[in-house]
There are 2 protein chains.
Amino acid sequence: MLRLSKLTDYATVILSFMARDNSHVHAAMEIASITGIALPTVSKILKLLVNAKILISTRGAKGGYELARAAEKISIASVISALEGPIALTECSISQQGCEQASGCEIRGNWNLINQTIHNALESVTLADMVRPARSQDLAWKQEILIPVASLYR
Amino acid sequence: MLRLSKLTDYATVILSFMARDNSHVHAAMEIASITGIALPTVSKILKLLVNAKILISTRGAKGGYELARAAEKISIASVISALEGPIALTECSISQQGCEQASGCEIRGNWNLINQTIHNALESVTLADMVRPARSQDLAWKQEILIPVASLYR
DNA sequence: ATAATTGAGTACTATTCTAGTCCTATTTAA
DNA sequence: TTAAATAGGACTAGAATAGTACTCAATTAT
């Protein structure tokens with residue numbers, strides 16, 4: 001189902017909360033109670049986000065977490081790869097081992113293309129976009145979508 | 001990692017083989033031996049593709065599978081959803097149950113937007129595109145990618 | 001200095017999902 | 001009627017995910 005893991009989903013919830021109130025640092029406990037996510041789980045996610053340089057942590061009393069940079073500069077792609085590793089639809093996109101399928105490998109290049117397309121799309125969406133309320137069914141945006149892969153061959 | 005399942009990967013391999021030679025029906029056994037995928041697994045995939053109306057099956061001796069329509073009319077999105085169910089990054093995108101996260105739900109609409117964007121991108125790539133050889137690192141296509149979601153709010 | 005607060009790191013467990021296999025029924029061509 | 005082939009479902013083993021717990025390290029307030 002092309003799904004993100006729950007942890008990634010939680011991460012966006014946590015980050016969007018922090019983006020809305022970035023005036024001071026937030027302790028893990030505070031975040032847990034506000035979002036309703038269990039504390040150990042919140043901690044785990046926050047640590048991953050710190051490692052990915054998305055958050056900055058301050059230890060000790062009065063410590064906590066805060067965004068490492070403005071919400072406009074935090075892409076959804078970076079959040080996803082912080083939690084789930086590199087964005088790659090197929091196996092071969094990560095490990096360059098190559099597949100043993102003799103006849104199938106001709107499509108790998110195309111998968112990489114699709115992969116890149118999706119990656120770029122996710123790269124273009126920032127945390128700031130997520131915080132803003134979604135437009136209701138505004139059909140205009142559908143026309144805006146470009147289909148780069150298919151048009152490659154024309 | 002935003003991964004597709006192996007079965008979906010196999011499915012594209014199988015379908016691309018069938019797209020290249022759509023002159024006659026292919027038995028599951030034939031497909032298995034050519035692609036190197038185990039027969040029971042191939043059968044399972046083929047059945048799912050038939051249910052999704054992507055393939056047509058003929059029973060009995062001299063039976064087999066063939067594409068239900070031209071490769072140009074088979075989108076990658078339809079293949080993915082045949083194997084993995086509806087394309088949805090987050091839980092809420094499928095079940096309208098709603099999330100219990102009190103403060104997080106404001107971003108659901110935005111997830112749906114991203115979701116739709118990716119879905120449309122995948123919808124635009126067809127099996128025929130996959131069969132064609134991939135262009136080598138032609139950087140031109142990168143510029144072609146449009147970032148519809150972020151630009152929505154400007 | 002010392003105690004309290006808070007994050008860092010690691011290890012562990014249970015549950016869910018995925019991949020893959022097998023068996024039996026049904027259909028059709030020869 | 002027989003052989004070839006798909007249809008459908010049930011089942012198992014393994015891997016990945018989600019969530020928890022515990023101990024160490026750092027900082028600040030008193």
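For the numbers below, each heavy atom of this structure counts, side chains included, while hydrogens, waters and symmetry mates do not. The chains referred to below are lettered A, B, ... by the order of the sequence lines, with proteins before strands, and numbering in each begins at 1. Quick caveat, the model's predicted, so the values are computed rather than measured.
A straight line from CD1 of A:I14 to C1' of D:dA18 spans 14 Å, rounded to a whole angstrom. The distance between atom NZ of A:K44 and atom C1' of D:dT20, rounded to the nearest whole Å, is 9 Å. The interatomic distance linking A:K47 (NZ) with D:dA18 (P) rounds to 16 Å, in whole Å. For B:L49 and D:dT6, the CG to P distance is 13 Å, given to the nearest whole Å. Atoms NZ (A:K62) and C1' (D:dA29) sit 9 Å apart, rounded to a whole Å. Between A:M29 atom CE and C:dA4 atom P there is a gap of 16 Å when expressed in whole angstrom units. Rounded to an integer number of Å, the gap from CG of A:L46 to C1' of D:dG19 is 15 Å. With rounding to whole Å, A:I56 atom CD1 is found 18 Å from D:dA26 atom P.
In this structure, A:M18 and A:H26 have side chains that are in contact, with non-hydrogen atoms separated by less than 4.5 Å.
A:E84 contributes a side-chain N or O that, together with a main-chain N or O of A:S5, makes up a donor-acceptor pair within less than 3.5 Å. At distances below 3.5 Å, at least one donor-acceptor pair connects side-chain atoms of A:S81 with backbone N or O atoms of A:A77.
Nearest nucleotide to the B:A38 side chain, out of D:dG8, C:dT21, D:dA5: C:dT21. Proximity note for A:P40 (side chain, C-beta onward) versus D:dT20, D:dT28, D:dT6: the nearest is D:dT20. Among the nucleotides D:dT20, C:dA8, C:dT21, the one closest to the side chain of A:V50 is C:dA8. In this structure, the nucleotide among C:dT26, D:dA25, C:dT21 sitting nearest to the side chain of A:R59 is D:dA25. Closest contact between the side chain of A:A61 and the listed nucleotides C:dA30, C:dG20, D:dT27 involves D:dT27. For B:Y10, the listed nucleotide lying nearest its side chain is C:dG20; candidates were D:dG8, C:dG20, C:dG7. With distances taken from any side-chain atom of B:T41 to the nucleotides C:dT21, D:dG19, D:dT6, the minimum falls on C:dT21.
Closest approach of B:A28 to B:V42, counting heavy atoms only: O-CG1, 3.9 Å.
Distances shorter than 4.0 Å separate some side-chain N or O of B:Y65 from OP1 or OP2 on D:dA7. Under 4.0 angstrom from either OP1 or OP2 of D:dA18 there lies at least one side-chain N or O belonging to A:S5. One finds a side-chain N or O of A:S57 lying less than 4.0 angstrom from the OP1 or OP2 phosphate oxygen of C:dA8.
A donor-acceptor contact closer than 3.5 angstrom links the side chains of B:S75 and B:E123.
Contact annotation for B:L7: backbone-only contact, meaning every heavy-atom pair under 4.0 Å involves sugar-phosphate atoms and none involves a base. Heavy atoms of A:S43 sit nowhere under 4.0 angstrom from any nucleic acid atom.
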